Amino acid sequence: MKILMTAFDAFGEDNINSSSEALDALFVPKETADLIKIKLPTVFGRSVSLLTEAIKEHAPDAVLCVGQAADRAAVTVERIAVNIIDARIEDNEGVKPVDVPIVPDAPAAYFATVPVKRIVNAICGAGIAAQISDTAGTYVCNQLFYGALHYISVNSLPVRAGFIHVPRITEQGGRVKEQPAMDIESVVKALEIAVRETADYTE
Ligand code: PCA
């Protein structure tokens, strides 16, 4: 079982991205999965094309994309990707699209094809806060999630895809007092569990 996992670089007011820090620290035994890690820029369009290139190159069985959600206290496994971009801030190349479809005339939404509920239950079972989320937002993360599912769908590829938002890690905390943070060990453990549950899922 080959799993491609992605994380994003820092964006907005942060100088690190918790998804990237956690991906660096993640180790998965070969018996669990052959894990390929790639880092993506927080840039509309280019993040999707880099991911689809990586899918072509590595032909993974599953893709798990990870991003930071600064306003969330729990690890959230996304259930649905929607065909809209409504950026609140510029991406890392200064682009800020508002109210445009990701792919014109394409489906309004796609569901994740990884076992969302099993992943959430397993993470909670390890004592780490996790929830299903029904919105990945309308920024770069949702575009990547939608872009992956759309690419897999139109090319009829046997590839599962999912998206996980992780909170800020404690090292980043305190920038805005009210914003939640999680220790990096828990974030890494949650990603490891997500890889394991995705690899184990054969239905
Ligand atoms: N989070 C942003 C984009 C990059 C990231 O880590 C998002 O939720 O869209």
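What's counted below: heavy atoms across the whole structure, side chains too, no hydrogens, waters or symmetry copies. Predicted model only: the values in this text are computed from it and were never measured.
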Nearest non-hydrogen partners of [X] and [Y], listed with the distance:
X	Y	answer
A112	G162	CB-CA, 4.5 Å
A136	C141	O-CB, 4.3 Å
S47	P41	CB-O, 3.4 Å
S18	P167	OG-O, 2.8 Å
A87	V98	O-CG2, 4.1 Å

Taking side chain as C-beta onward, heavy atoms only, is [X] less than 4.5 Å from [Y]?
X	Y	answer
L144	F163	yes
F145	H150	no
T198	I3	yes
V77	S133	no
T170	M182	no
Y151	L157	yes

Please say yes or no: joined through hydrophobic side-chain contacts below 4.5 Å, possibly via intermediate residues, are [X] and [Y] part of one cluster?
X	Y	result
V140	V63	yes
L50	L35	no
V48	L149	yes
I152	I80	no
M1	V66	yes

Measure the [atom1]-[atom2] distance between [X] and [Y] for me, rounded to the nearest 0.5 Å.
X	Y	atom1	atom2	result
D200	T202	CG	OG1	8.5 Å
S20	D14	OG	CG	12.0 Å
I38	E57	CD1	CD	9.0 Å
L64	M5	CG	CE	4.5 Å
N92	F8	CG	CZ	10.0 Å
Y146	I102	OH	CD1	6.5 Å

Residue pair I85, T138: steps toward the side chain to side chain contact (heavy atoms under 4.5 Å, CB included) verdict:
CA-CA 5 Å; I85 303 174; T138 53; 5.9 Å; no
Quick one: does [X]'s side chain have a donor or acceptor within less than 3.5 Å of a partner on [Y]'s backbone?
X	Y	answer
K2	A59	no
D61	V159	no
D86	P97	no
N142	T135	no
Q172	I169	yes
T76	I132	no

For the pair [X] and [Y], find out whether any cationic side-chain nitrogen is under 4.0 Å from an anionic carboxylate oxygen.
X	Y	answer
D91	R46	no
E78	R72	yes
R79	D134	yes

Using residues 118-131 as the side-chain source, report each donor-acceptor pair under 3.5 Å to any protein atom, sequence neighbours left out, with the distance given to one decimal.
from	atom 1	to	atom 2	distance (Å)
N121	ND2	K117	O	3.4

Stepwise side chain to side chain contact (heavy atoms under 4.5 Å, CB included) check, E185 with V188:
CA-CA 5 Å; E185 292 77 16; V188 173; 5.8 Å; no
Donor-acceptor side-chain pairing of H165 and Q68 below 3.5 angstrom:
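Per modelled atom types, H165 and Q68 side chains form no pair under 3.5 Å.
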Does either side chain, that of T42 or that of D9, offer a donor lying less than 3.5 Å from an acceptor on the other one?
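Checked: T42/D9 side chains pair up, N/O donor to acceptor below 3.5 Å.
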Steps toward side chain to side chain contact (heavy atoms under 4.5 Å, CB included) verdict (V75, I164)
CA-CA 7 Å; V75 172; I164 301 170; 3.6 Å; yes
Ring-ring centroid check Y139 F44, cutoff 6.0 Å
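Ring centres of F44 and Y139 closer than 6.0 Å.
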I89 vs F11, test: side chain to side chain contact (heavy atoms under 4.5 Å, CB included). Steps then yes/no.
CA-CA 9 Å; I89 54 170; F11 67 103; 4.0 Å; yes
Using distance only, find each side-chain donor-acceptor pair of residues 25-32 under 3.5 Å and give its atom names and separation, not counting sequence neighbours.
none

Check each of N17, D24, T6 against K39 using the side chain to side chain donor-acceptor pair (under 3.5 Å) test, and report the only one that passes.
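With K39 as partner, side chain to side chain donor-acceptor pair (under 3.5 Å) holds for just one option, D24.
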Considering residues, nucleotides and ligands other than K37, do more than 12 of their heavy atoms fall under 6.0 Å from its NZ?
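Counting neighbours around NZ of K37, more than 12 heavy atoms of other residues, nucleotides or ligands fall under 6.0 Å, so yes.
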